[in-house]
**Student:** 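Got a structure for you, written out below as structure tokens; questions coming shortly.
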Amino acid sequence: MKMPEPKHRRQHHVFLFRHCARSFKNGVNFHTKGRSKVDASYFTSSPLPEWSTSNMDCTVDAKQIIRNTGSFIMKNMFLPEDKGEETDAKTNLSKSKRIRFQFVSDTADRDVNTTEALLQGFKDVAETLPSVKIESEIQYSRALFKKIKGNGNGRLCQTTYSKEHLSSDVLHRLENMPIPFPGLNDTLSLLQTLGGVGENGPLTYEEPLEINLGKKMTSLIGPINLVKRFAQFMYHTRAGGIDPPFLPKATVEDVYRLFAWINYYKSVISVDNVGGAAQGAVMTQAVLEALRDGQYGADKKALRRTHKYDASVTVIVGHDNDFNAIATSLGLRWKLSPPYYQGDEGEYTPIPPGSAMHFVHDVDSGAVGSSFLYPIHLNGEGLTWTLNKTGILESAPVLFVPNEEESHLSEDQKTTWIRPVGDDNHTGIDVLNKRVISMLEKYPEAVECYSEVVDCSRTVEYTQIEVNLEPELKLLYVRNPTLIMCGVFFLGFLFACALMKKQVERKFNGRQARYTECARE
């Protein structure tokens with residue numbers, strides 16, 4: 001039986017979102033013997049931030065910004081003005097649309113709150129247009145976001161890799177990454193000028209400071225950790241609407257200059273190494289599966305329904321490490337416009353809170369587009385600035401490095417497109433799948449991981465628990481995401497579940513929902 005042709009051009013969208021601006025702990029871990037975690041107050045005479053939320057969670061203003069971002073995306077990506085369609089007289093937006101949203105979120109509070117705020121922003125717009133029908137579901141899972149440590153005990157990937165391999169990769173990147181301007185010594189001097197001298201003494205050093213790798217290969221040692229923590233305080237207090245912000249004498253230019261150190265640190269330890277490649281193999285498979293099928297983890301019944309929607313949208317809400325993992329497995333880079341730091345060529349992979357990597361699969365043509373969406377939180381210059389609460393996102397192309405697939409920029413230079421090659425029904429997704437294998441060649445352990453998750457993607461099972469929060473909103477909790485993965489280790493999995501079963505309770509809008517997740521040995 002031939003499927004009916006959709007009224008509109010069908011598209012599958014995938015967003016990888018970083019969570020909101022959030023609170024931080026006061027400890028600074030120097031990752032050195034004799035000095036591990038020290039309270040940040042010892043290094044400044046300026047008061048530390050007084051966060052308006054629980055530890056490591058979204059601030060009140062940050063949640064509202066994310067909600068506004070959801071509305072911005074809904075208006076500008078899913079309901080654009082189309083001359084060939086009936087439009088609403090008041091909003092000038094297309095009226096007749098059917099859109100399906102799937103959210104896949106980590107279980108941390110900041111991810112959960114970001115997910116809820118985004119969905120509410122989508123609904124805020126859809127509710128003004130009765131002819132626009134949206135369906136939505138939320139899945140919470142630790143498995144997709146769990147770091148793969150290489151000891152063979154990963155939830156979705158059982159790969160192993162040596163510490164020597166990881167150390168070699170990270171050291172190579174550290175030696176080849178440009179250090180943010182004006183260097184570590186001058187940056188510490190700036191922080192002392194802005195915040196004064198704390199109990200620990202001056203932050204100035206006569207000898208040039210070096211940046212070295214710690215023994216665990218997942219952190220840098222020494223004063224750079226203080227720079228990173230203070231930079232996080234400075235940026236997130238301002239982007240999160242905390243009054244007063246940390247180091248109030250800092251200019252907008254100071255804040256963005258310090259923000260570059262966060263990106264530098266994360267990029268050194270997370271990009272182009274075997275650990276990031278293994279994690280990227282898992283995350284990239286999820287992205288490509290959602291692009292192809294219209295949702296992640298779809299069963300056959302769900303796949304048969306995808307033709308009914310004008311747009312199928314999968315929103316994955318996680319962390320900056322997830323972005324860097326995909327940057328490794330697909331060979332991606334991006335560079336943001338001012339006021340973000342311009343001292344590198346995209347190697348810093350900057351990821352502001354509330355930013356997103358956006359992929360779109362045009363089902364009819366087979367082409368795949370990619371772009372990086374990001375907010376500019378601070379409007380102004382010097383000491384005169386305001387918090388941008390609009391939720392508007394700027395756009396930059398996601399670049400393929402090297403560009404072996406001959407990708408092309410859109411006319412507005414904001415999206416990178418990969419189109420099908422040849423006449424054998426290949427799509428842009430097939431091209432990206434081949435690219436993953438090519439980029440992971442120097443990480444054989446990650447290739448094994450990618451093959452494992454691709455082969456087993458159809459065996460992931462979910463248990464649905466519907467919670468009546470709001471009209472048209474369903475929560476889908478992931479249970480046993482690795483159950484019966486290819487039938488391997490089935491008995492071991494059941495045994496692990498019996499021993500390690502955990503129940504976690506969360507409250508959503510005053511109602512309590514419960515999900516269970518089992519880890520596989």
**Student:** For Gln120 and Glu116, test the side chains for any donor-to-acceptor distance below 3.5 angstrom and give the result as yes or no.
**Tutor:**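 Absent: no donor and acceptor within the cut-off.
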**Student:** Is it the case that over 12 heavy atoms from other parts of the model lie below 6.0 angstrom from the CD atom of Gln342?
**Tutor:**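 Above 12, so yes.
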**Student:** Surrounding CD of Gln413 (heavy atoms of other residues, nucleotides or ligands, distance under 6.0 Å), is the total greater than 12?
**Tutor:**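 Count over threshold, so yes.
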**Student:** Locate the shortest heavy-atom distance separating Glu394 from Ile376; write the atom from each residue and the value.
**Tutor:** CG-CD1, 3.9 Å
**Student:** Check whether any side-chain heavy atom of Ile179 lies under 4.5 Å from a side-chain heavy atom of Leu184, and answer yes or no.
**Tutor:** no
**Student:** Closest heavy-atom contact between Ser45 and Val197?
**Tutor:**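 Of all heavy-atom pairs spanning Ser45 and Val197, the closest is CB-O, 3.6 Å.
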**Student:** Can you list the steps and then say if Tyr348 with Tyr341 is a ring-ring contact (aromatic ring centres under 6.0 Å, His included)?
**Tutor:** CA-CA 9 Å; Tyr348 283 16; Tyr341 182 66; 5.7 Å; yes
**Student:** Check whether more than 12 heavy atoms from other residues, nucleotides or ligands sit under 6.0 Å from atom CD of Glu207, and answer yes or no.
**Tutor:**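 Enclosed: over 12 neighbouring heavy atoms sit under 6.0 Å from CD of Glu207.
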**Student:** Check step by step if side-chain hydrogen bond (donor to acceptor under 3.5 Å, both in side chains) holds for Thr251 and Asp254.
**Tutor:** CA-CA 5 Å; Thr251 65; Asp254 293 333; 3.1 Å; yes
**Student:** Rounded to the nearest 0.5 Å, what separates atom CG in Asp169 from atom CD in Glu164?
**Tutor:**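 Result: 11.5 Å between the selected atoms.
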**Student:** For the pair Asp430 and Arg419, evaluate salt bridge (Lys or Arg N to Asp or Glu O under 4.0 Å) and give the outcome as yes or no after the intermediate values.
**Tutor:** CA-CA 10 Å; Asp430 297 317; Arg419 304 191 182 280; over 6 Å; no
**Student:** Would you please test Ser23 and Asn55 for side-chain hydrogen bond (donor to acceptor under 3.5 Å, both in side chains) and show each step?
**Tutor:** CA-CA 6 Å; Ser23 61; Asn55 188 40; 4.5 Å; no
**Student:** Would you check if there is a donor-acceptor pair between the side chains of His319 and Asp111 at a distance under 3.5 Å?
**Tutor:** yes
**Student:** Is there a side-chain contact between Val368 and Trp417, using heavy atoms and a 4.5 Å cut-off?
**Tutor:**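 The answer is no, as the side chains (C-beta and beyond) never meet within the 4.5 Å cut-off.
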**Student:** Before giving the answer on side chain to side chain contact (heavy atoms under 4.5 Å, CB included), spell out for Met234 and Leu191 the whole-Å C-alpha distance, their side-chain angles and the decisive distance to 0.1 Å.
**Tutor:** CA-CA 10 Å; Met234 291 171 69; Leu191 290 174; 4.0 Å; yes
**Student:** What pair of heavy atoms forms the shortest contact from Pro180 to Ala260, and how long is it?
**Tutor:**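 Shortest heavy-atom contact: CG-O, 4.1 Å.
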**Student:** Roughly how far apart are Arg257 CZ and Leu190 CG, rounded to 0.5 Å?
**Tutor:** 7.0 Å
**Student:** Of all heavy-atom pairs between Leu174 and Ile211, which one has the smallest distance, and what is that distance?
**Tutor:**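 Smallest interatomic distance, heavy atoms only, reads CD2-O, 3.6 Å.
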**Student:** Report the C-alpha distance between His236 and Phe246 in whole Å, list the side-chain angles of each, state the deciding distance to 0.1 Å, and finish with yes or no for ring-ring contact (aromatic ring centres under 6.0 Å, His included).
**Tutor:** CA-CA 9 Å; His236 284 256; Phe246 182 61; over 10 Å; no
**Student:** May I have the step-by-step check of side chain to side chain contact (heavy atoms under 4.5 Å, CB included) for Phe233 and Trp51, ending in yes or no?
**Tutor:** CA-CA 10 Å; Phe233 286 170; Trp51 303 100; 4.0 Å; yes
**Student:** If I take atom CE from residue Met177 and atom NE2 from residue His172, how far apart are they, to the nearest 0.5 angstrom?
**Tutor:** 12.5 Å
**Student:** Once the angle between the rings of Phe15 and His13 is folded into 0 to 90°, is it parallel (under 30°), tilted (30 to 60°) or perpendicular (over 60°)?
**Tutor:**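 Plane angle under 30°, so parallel.
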**Student:** Looking at CE of Met357 and CD1 of Ile351, how far apart are the two atoms once the value is rounded to the nearest 0.5 Å?
**Tutor:**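 So the CE of Met357 and the CD1 of Ile351 are separated by 7.0 Å.
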**Student:** Counting the benzene-type ring for Trp, do His377 and Tyr235 have ring centres under 6.0 Å apart?
**Tutor:** yes
**Student:** Count the heavy atoms of every other residue, nucleotide or ligand shown that sit under 6.0 Å from CD of Glu253, and state whether that count exceeds 12.
**Tutor:**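 Yes, CD of Glu253 has more than 12 neighbouring heavy atoms, counting only those of other groups under 6.0 Å.
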**Student:** Go through Leu378 and Val255 one step at a time and tell me if the side chain to side chain contact (heavy atoms under 4.5 Å, CB included) criterion holds.
**Tutor:** CA-CA 9 Å; Leu378 308 183; Val255 173; 4.0 Å; yes
**Student:** Specify whether Phe372 and Trp334 have parallel, tilted or perpendicular ring planes, treating 30° as the upper limit for parallel and 60° as the lower limit for perpendicular.
**Tutor:** parallel
**Student:** Does the side chain of Tyr450 come within less than 4.5 Å of Asn433's, by heavy atoms?
**Tutor:** yes
**Student:** For Val317 and Thr115, which heavy atoms make the closest approach, and how far apart are they?
**Tutor:**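 Between these two residues, the closest heavy atoms are CG2-OG1, 3.4 Å.
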**Student:** So which heavy atom on Ala281 is nearest to which on Val453, and how close?
**Tutor:**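 Answer, listing the atom of Ala281 first, then Val453: O-CG2, 4.0 Å.
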**Student:** Any side-chain donor-acceptor pair under 3.5 Å between Ser71 and Asn68?
**Tutor:**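 Absent: no donor and acceptor within the cut-off.
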**Student:** Going by distance alone, is a donor N or O of one side chain under 3.5 Å from an acceptor N or O of the other, for Trp261 and Thr187?
**Tutor:** yes
**Student:** Using side-chain heavy atoms (C-beta onward) and a distance below 4.5 Å, is Val282 in contact with Phe145?
**Tutor:** no
**Student:** Is it true that Ser270 and Asn321 share a donor-acceptor pair across their side chains at a distance under 3.5 Å?
**Tutor:** yes
**Student:** Do Ser267 and Asn263 get their side chains close enough for a donor-acceptor pair, meaning under 3.5 Å?
**Tutor:**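 On atom types as modelled, these side chains do not qualify, holding no pair under 3.5 Å.
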**Student:** For the residue pair His165 and Tyr443, confirm or rule out a side-chain donor-acceptor distance under 3.5 Å.
**Tutor:**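 Side chains of His165 and Tyr443: no pair found under 3.5 Å.
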**Student:** Determine the interplanar angle of the Tyr256 and Tyr340 rings, folded into 0 to 90°, and report it as parallel if under 30°, tilted if 30 to 60°, perpendicular if over 60°.
**Tutor:**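 The arrangement is perpendicular - the two ring planes meet at more than 60°.
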**Student:** Within the structure provided, determine whether Leu144 and Val104 are in side-chain contact (heavy-atom separation under 4.5 Å).
**Tutor:** yes
**Student:** Over 60° means perpendicular and under 30° means parallel, so tell me whether Phe30 and Phe43 are parallel, tilted or perpendicular.
**Tutor:**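 Phe30 vs Phe43 ring planes: tilted.
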**Student:** With the threshold set at 4.0 Å, does a side-chain nitrogen-carboxylate oxygen contact exist between Arg22 and Asp57?
**Tutor:**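 A salt bridge is absent here (no side-chain N lies under 4.0 Å from a carboxylate O).
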**Student:** Test your reading of the model: is there a side-chain donor-acceptor pair from Asn225 to the backbone of Leu220, 3.5 Å cut-off?
**Tutor:**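 Answer holds: yes.
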**Student:** How about Lys335: does its NZ atom have over 12 heavy atoms from other parts shown lying under 6.0 Å from it?
**Tutor:**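 Counting other residues, nucleotides and ligands, NZ of Lys335 exceeds 12 neighbours.
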**Student:** Is it true that Arg67 and Asp61 make a salt bridge, defined as a side-chain N closer than 4.0 Å to a carboxylate O?
**Tutor:**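 No, this pair does not count.
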**Student:** With side chains defined as the heavy atoms from C-beta onward, is the minimum distance between Gln139 and Ser105 less than 4.5 Å?
**Tutor:** no
**Student:** Answer yes or no: is there a side-chain heavy-atom contact under 4.5 Å between Phe259 and Pro352?
**Tutor:** yes
**Student:** Hydrogens and angles aside, do Ser329 and Thr284 bring a side-chain donor and acceptor to less than 3.5 Å of each other?
**Tutor:**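 Yes, side-chain donor-acceptor contact under 3.5 Å.
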**Student:** Assign the ring pair Phe101 / Phe122 to parallel, tilted or perpendicular, where the plane angle (0 to 90°) is split at 30° and 60°.
**Tutor:** parallel
**Student:** Determine, step by step, whether Ser219 and Asn29 satisfy the side chain to side chain contact (heavy atoms under 4.5 Å, CB included) criterion, reporting the C-alpha distance in whole Å, the side-chain angles of both residues, the deciding distance to 0.1 Å, and the verdict.
**Tutor:** CA-CA 10 Å; Ser219 60; Asn29 195 336; over 6 Å; no
**Student:** What is the distance from atom CG of Asp39 to atom CG of Leu48, rounded to the nearest 0.5 Å?
**Tutor:** 6.0 Å
**Student:** Is the shortest side-chain heavy-atom distance between Ser167 and Leu213 below 4.5 Å?
**Tutor:**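 They are in contact (side-chain heavy atoms under 4.5 Å apart), so the answer is yes.
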**Student:** Does the distance from a Lys or Arg side-chain N to an Asp or Glu carboxylate O, for Asp320 and Lys266, drop under 4.0 Å?
**Tutor:**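 Counted as a salt bridge, because a side-chain N and a carboxylate O are separated by less than 4.0 Å.
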**Student:** Salt bridge check: are Arg142 and Asp106 linked by an N-O gap of less than 4.0 Å?
**Tutor:** no
**Student:** In Å and rounded to the nearest 0.5 Å, what is the CD to SG distance from Glu448 to Cys157?
**Tutor:**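 Atom-to-atom, Glu448:CD and Cys157:SG are 8.5 Å apart.
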**Student:** Answer yes or no: is there a donor N or O on one side and an acceptor on the other, between the side chain of Ser407 and the main chain of Ile418, under 3.5 Å?
**Tutor:**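 Side chain of Ser407 to backbone of Ile418, a donor-acceptor pair under 3.5 Å: no, none is there.
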